[in-house]
Amino acid sequence: MGLVLHRRYRSSSFAVTTAKAAATAVYSVVPSSSSSLPVASLLSLCRSLRSLEQIHSLIIRKGLEQHQVLLCRFLGLCSSLSAIIYAKEVFFRISSPNIIHWNTLLSASSNLSSLSSTISLFNIMRCSQIPDHYSFPCLLKSCTAHLALSVGASLHSLLHRMDLDDDLYIRTSLVDFYGKCGQVDASRKLFETMLYRNEVSWTAMIDCYFNNGDYTSARALFDEMPERNGVSWNVMIGGYVNAGDLITAREVFNMMPERNVVSFTVMIDGYAKAGDMPSARFLFEKLSTKDIFVWSVMISGYAQNCQPSHSLKLFLEMYNLEIKPDQAVLVGLMSACAQLGRVSLAKWVDSYVGKMSTYTDSPQLSSALIDMNAKCGDMARAAFLFDSMQIRDLVSYCSMMQGYSMHGSAGKSVELFDQMLKEGIIPDDIAFTVILAACGQAGLIEEGNRFFKLMKDDYSIVPSPDHYACIVDLLGRAGMLKEAYHIVRSMPIGPHAGVWGALLAACRMHSNAELAELALSRIYEIEPHNAGNFVSISNIYAAQNRWADVSQIRMLMRSKGLRKIPGCTWIYS
DNA sequence: ATAGGGTTAG
């Protein structure tokens, strides 16, 4: 229903008329006891766009349309309900907006609109109002979010001319802005010359050091800062998590005096990214109040770690608690469904997302939908979704290409890749992994080599072990085992299990026991607990009637305590 | 009555 209202505001030029029309309904939806409450109290109770509209009509009826303070609070509410268009419509009906009205609208715009529309709003403002120290932090925040170094830098020089660059809030915003844009030295200079600092400024600087890989300075600053709050601690935890140092992250987590839900979320996410779902789950269970973020981290964590049924279970648990899933949760859920590959489930989720979602044009959501449908076998639905996307992005192309490849139409994947290039979309490392895998699967050697070369020469992407695994697979399937082995040997970085696995699979396909043994011994060094690798070589021996070797492998497996998990080979194939 | 730092997604 949020969607319906939102659309209406988009299409009608004046939300105000809509509000007037809704005026008659106001007392029926707002509880009768509260209808006698002052409008200000209603504003603090307001949780939805619909009640906002009703309060608006009440403001009009009571002739409070130009009430300065009320307007501010109203605009603030529009902002928190993501109703930027409504906010603008109300704002431009204010007969003489003051600086606070402007700043509130500016803040709403910087949170909800593009940087360019926020900047143009700022320029309109400057025609009738001199911006003050409240105006700039949100502008800078928007620049930071868009990593717009040049826009932010020109704001900085404007601030200097206006003599506002010593303000605590503004200085902190600048420290954060330059830090996020990778300009550590600029950040440090601004931080060190600050007249006053508080926990926020210290934390912004620490985060800046972490984002730029300087863990020592981050730690030194944390130890030095006079007072810390929850965010300071969480920045430390997150910094170590991103650095891959879970041990130190956990130490900081344990030392933290009052952990909040973000501390847990950051730590849990760290465990999930490192593949340690048991530790993630342990912390998750200890958390008494779970918010949408932590649910999302767990659900997508299980999906990323190939435990889709756990994702599904958690989602249902959330569903039963009547927590409204957000976009990230839905994406995680769909990623899990894609792995489960159950058409009926995918159909349910597809329609559920359609009903649930207020993000109809979101490329992330569309891509996840495409991916899920493709992986669950409904290529027609995937193609329909793809074709109905307004703007197709890299991820949606990748989902389609992977889908076609899975359904044995790698030729279509190749077509799509070329079409994507024509549309001006820049492929990344993952896109090349997808297309190389497609070529491998279909035995398109020439195309595969073309893309591999394109990736290295035209896009300057250094091949990852995954890319090498695809190339090895490509050559191996075509029976070019020697060439494949040569590629493996020539890799500048150490091959991972997937590369050797591709070689092993090729050996199996072409019954080359000798090379298979070599590959297996390497794989065993890397992943000693994967029974599937042993099964592969045992199959090669069996194909060559080498039954003694087969039973030897079986005995070896037994002595190592390895058992093949039935039906799990597809993960590696 | 308005502003700054930390968390989710192929």
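Chain naming here is simple, since letters A, B, ... match the order of the sequence lines and numbering starts at 1 in each. No hydrogens, no waters, no symmetry mates; every other heavy atom, side chains included, goes into these values.
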Kindly say whether, by distance alone, the side chain of [X] makes a donor-acceptor pair under 3.5 Å with the base of [N]?
| X | N | value |
| --- | --- | --- |
| A:Ser296 | B:dT8 | yes |
| A:Ser173 | B:dG4 | no |
| A:Asp393 | B:dG10 | no |

Residues which pass ring-ring contact (aromatic ring centres under 6.0 Å, His included) with A:His156, listed by chain and number, not counting sequence neighbours |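 A:His156 satisfies ring-ring contact (aromatic ring centres under 6.0 Å, His included) with A:Tyr178 once adjacent residues are dropped.
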Please list every donor-acceptor pair under 3.5 Å in which a side-chain atom of residues 294-309 of chain A meets a protein atom from a residue at least two apart or in another chain.
unit_1	atom_1	unit_2	atom_2	d
A:Ser300	OG	A:Ser296	O	2.7
A:Tyr302	OH	A:Arg281	NH1	3.0
A:Asn305	ND2	A:Ala272	O	3.0
A:Asn305	ND2	A:Gly301	O	2.9

If you look at every strand shown and take non-hydrogen atoms under 4.0 Å, does A:Val262 touch a base, only sugar-phosphate, or nothing?
->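 Counting heavy atoms under 4.0 Å across all strands, the contact made by A:Val262 includes a base.
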Looking for any heavy atom pair under 4.0 Å, which part of the strands does A:Lys273 touch: base, sugar-phosphate only, or nothing?
->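 Sugar-phosphate, backbone atoms only, no base.
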Give the rounded distance in Å between these two atoms: CD of A:Gln68 and P of B:dA1.
-> 13 Å
Do any of residues 189-200 of chain A sit with a heavy atom less than 4.0 Å from DNA chain B, and if so which?
->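 Nucleic-acid contacts, sorted: A:Asn198, A:Glu199, A:Val200.
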Residue-level proximity of residues 118-136 of chain A to DNA chain B when a heavy atom falls under 4.0 Å |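 The stretch gives A:His133, A:Tyr134 as the residues lying under 4.0 Å from the strand, ordered by number.
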Honestly, is A:Lys290 close enough over A:Phe284, meaning NZ or CZ under 6.0 Å from the six-membered ring centre and within 45° of the axis?
-> yes
From B:dG10, B:dT8, B:dA9, pick the nucleotide closest to the side chain of A:Ser335?
->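 Nucleotide nearest to A:Ser335's side chain: B:dG10.
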Any idea which of B:dT7, B:dA1, B:dG5 is nearest the A:Ser232 side chain?
-> B:dG5
Carboxylate-amine/guanidinium contact A:Asp176 A:Lys141, below 4.0 Å = no
Would you mind reporting whether A:Ser396 and A:Asp393 have side-chain heavy atoms less than 4.5 Å apart?
->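 Counting from C-beta outward, A:Asp393 and A:Ser396 do come under 4.5 Å.
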Who pairs with A:Ser114 by side chain to side chain contact (heavy atoms under 4.5 Å, CB included), at least two apart in sequence or on another chain?
->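 A:Ser114 satisfies side chain to side chain contact (heavy atoms under 4.5 Å, CB included) with A:Ser116, A:Ser117 once adjacent residues are dropped.
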Residues two or more places apart in sequence or in another chain: which of them pass side chain to side chain contact (heavy atoms under 4.5 Å, CB included) with A:Ser80?
->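 With neighbours one apart ignored, the set is A:Leu77.
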On the 0 to 90° scale, with breaks at 30° and 60°, tag the A:Phe210-A:Tyr240 ring pair as parallel, tilted or perpendicular.
-> perpendicular
